[in-house]
Amino acid sequence: MANSKNLASIFTIIIILLFSFTAAKASTFHRNLSPMSLGLKKEKLSHLHFFFHDILSSPNPSAVRVVEPHASNTSSSTLFGFIAMADDALTVGPEPGSKLIGKAQGIYGSAAQEEIGLLMIMNFVFTEGKYNGSTLSLLGRNAVLSTVREMPIVGGSGAFRFARGYAQAKTHTLDFKTGDAVVEYNVYVFHY
């Protein structure tokens, strides 16, 4: 009789442990997956080339300042503290009438006190070709007066899910009076 009680107690403990283990396992917030389980195929490297049109001066600007630096700002030549919201055209060529392939939508601001250095947070939203509906996300420092600037691509959506890479920006034209700029972008991105 004592043995059957012991067996029942041991059996009860085993059942409780199994339920506890199953409940603990079921309540985790993560699991490992194979890329193929999400339909991801072989990773590839793509090069995209386009022009970014940041227009502040027109009656219908593509970028607007949403924060101005304080009047007592001692770094007025760098515009330290200003922030702009952008919905800039991305085109095949540098001309304003060149074929539109998407938009650069995001925010940038002057984050340097001793030079013109922008913090860029942009989504490149593509509206043409095989990348129509896909986006790339850029987050980085843009030292505007450098000949070529490099900024990281930190992600994307659509055809650019799991994207990583970098963008090289080179000023094509810049009007210091109006702030209007056309910038050539070469983007190199790994994606599936």
Side-chain angles (χ1 to χ4, degrees), residues 46-129 131-158 160 163-189:
S46 294
H47 171 225
L48 290 82
H49 178 256
F50 50 83
F51 290 84
F52 170 104
H53 299 259
D54 194 49
I55 309 302
L56 296 148
S57 68
S58 94
N60 187 23
S62 66
V64 294
R65 290 185 183 177
V66 293
V67 174
E68 290 288 340
H70 192 272
S72 64
N73 183 351
T74 58
S75 346
S76 61
S77 64
T78 68
L79 299 173
F80 178 68
F82 100 87
I83 297 173
M85 187 66 65
D87 186 18
D88 293 338
L90 299 178
T91 62
V92 172
E95 305 80 18
S98 184
K99 181 178 180 177
L100 182 70
I101 59 159
K103 295 289 196 115
Q105 297 172 329
I107 191 168
Y108 61 86
S110 180
Q113 294 185 42
E114 297 176 12
E115 65 178 319
I116 301 176
L118 303 178
L119 167 63
M120 304 274 294
I121 305 168
M122 286 285 161
N123 285 312
F124 296 136
V125 181
F126 299 100
T127 57
E128 282 292 319
Y131 300 129
N132 182 16
S134 298
T135 68
L136 284 172
S137 298
L138 176 142
L139 171 65
R141 182 176 189 275
N142 184 348
V144 175
L145 297 180
S146 296
T147 303
V148 177
R149 289 87 69 192
E150 186 173 297
M151 294 165 277
I153 298 295
V154 296
S157 67
F160 295 117
R164 69 191 190 291
Y166 68 98
Q168 289 182 325
K170 183 177 180 182
T171 302
H172 184 269
T173 59
L174 172 61
D175 184 329
F176 283 101
K177 184 177 173 186
T178 64
D180 293 353
V182 176
V183 181
E184 180 179 13
Y185 272 83
N186 280 287
V187 178
Y188 301 89
V189 62

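All figures in this text were calculated on a predicted structure; none of them were measured in a lab.
Salt-bridge formation is not detected for the pair E184/R149: no Lys NZ or Arg NE/NH1/NH2 atom is positioned less than 4.0 Å from an Asp or Glu carboxylate oxygen.
When all heavy atoms of A181 and L174 are compared, the closest pair comes out as CB-CD1, 3.9 Å. The heavy-atom pair separating V183 from A169 by the smallest distance is CG1-CB, 3.8 Å. Contact record, S134 with S157: CB-O, 3.4 Å, taken as the closest heavy-atom pair. For the residue pair V187 and A167, the shortest heavy atom distance occurs at CG2-CB, 3.9 Å. Among all heavy-atom pairs drawn from G81 and V67, the shortest one is O-CG1, 3.7 Å. Shown here for G156 and A163, the closest heavy-atom pair between the two residues is N-CB, 4.2 Å.
Note that OG1 of T171 is 7.5 Å distant from CG of L145, once rounded to the nearest 0.5 Å. Between Q105 atom CD and S137 atom OG the span is 11.0 Å, to the nearest 0.5 Å. Separating the CG atom in L139 from the CG atom in L119 is a distance of 6.5 Å, to the nearest 0.5 Å. Atom CD1 of I101 sits about 6.0 Å away from atom CZ of F126, to the nearest 0.5 Å. Separating the OG1 atom in T178 from the CG atom in D54 is a distance of 10.0 Å, to the nearest 0.5 Å. In this structure, the separation between CG on L118 and CD1 on I107 is 11.5 Å, given to the nearest 0.5 Å.
Considering E150, M122, M120 in turn, M120 is the only one that fulfils the side-chain contact (heavy atoms from CB on, under 4.5 Å) rule with N142.
For the pair Y185/K170, no side-chain contact is recorded, criterion being any heavy-atom separation below 4.5 Å from C-beta on.
The closest side-chain donor-acceptor pair between S46 and Y131 falls under 3.5 angstrom. The closest side-chain donor-acceptor pair between N123 and T135, if any, does not fall under 3.5 angstrom. Remark: the H53 side chain and the T91 side chain contain an N/O donor-acceptor pair separated by less than 3.5 Å. Side-chain polar atoms of T127 and N132 form no donor-acceptor pair below 3.5 angstrom.
Checking side-chain atoms of S62 against main-chain N and O of I55 turns up a donor-acceptor pair under 3.5 Å. A donor-acceptor pair under 3.5 Å links the side-chain atoms of D180 to the main chain of L56, judged by distance alone. Judged by distance alone, with hydrogens and angles left aside, the side-chain atoms of D175 form a donor-acceptor pair with the main-chain N or O of K177 at under 3.5 Å.
Under the 30°/60° scheme for interplanar angles, the aromatic rings of F82 and Y108 are found to stand perpendicular. Between F50 and F124, the ring planes lie perpendicular to each other; the angle is over 60°, past the 30° to 60° tilted range.
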Stepwise side-chain contact (heavy atoms from CB on, under 4.5 Å) test for V189 and Y166
CA-CA 6 Å; V189 62; Y166 68 98; over 6 Å; no

The test is side-chain contact (heavy atoms from CB on, under 4.5 Å); show your working for H47 and N186 and say whether it passes.
CA-CA 7 Å; H47 171 225; N186 280 287; 2.6 Å; yes

Please walk me through it: do E115 and R141 pass salt bridge (charged side-chain N to carboxylate O under 4.0 Å, His left out)?
CA-CA 12 Å; E115 65 178 319; R141 182 176 189 275; 2.6 Å; yes

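Checked against the 6.0 Å centroid criterion, the rings of F51 and H172 qualify as a close aromatic pair.
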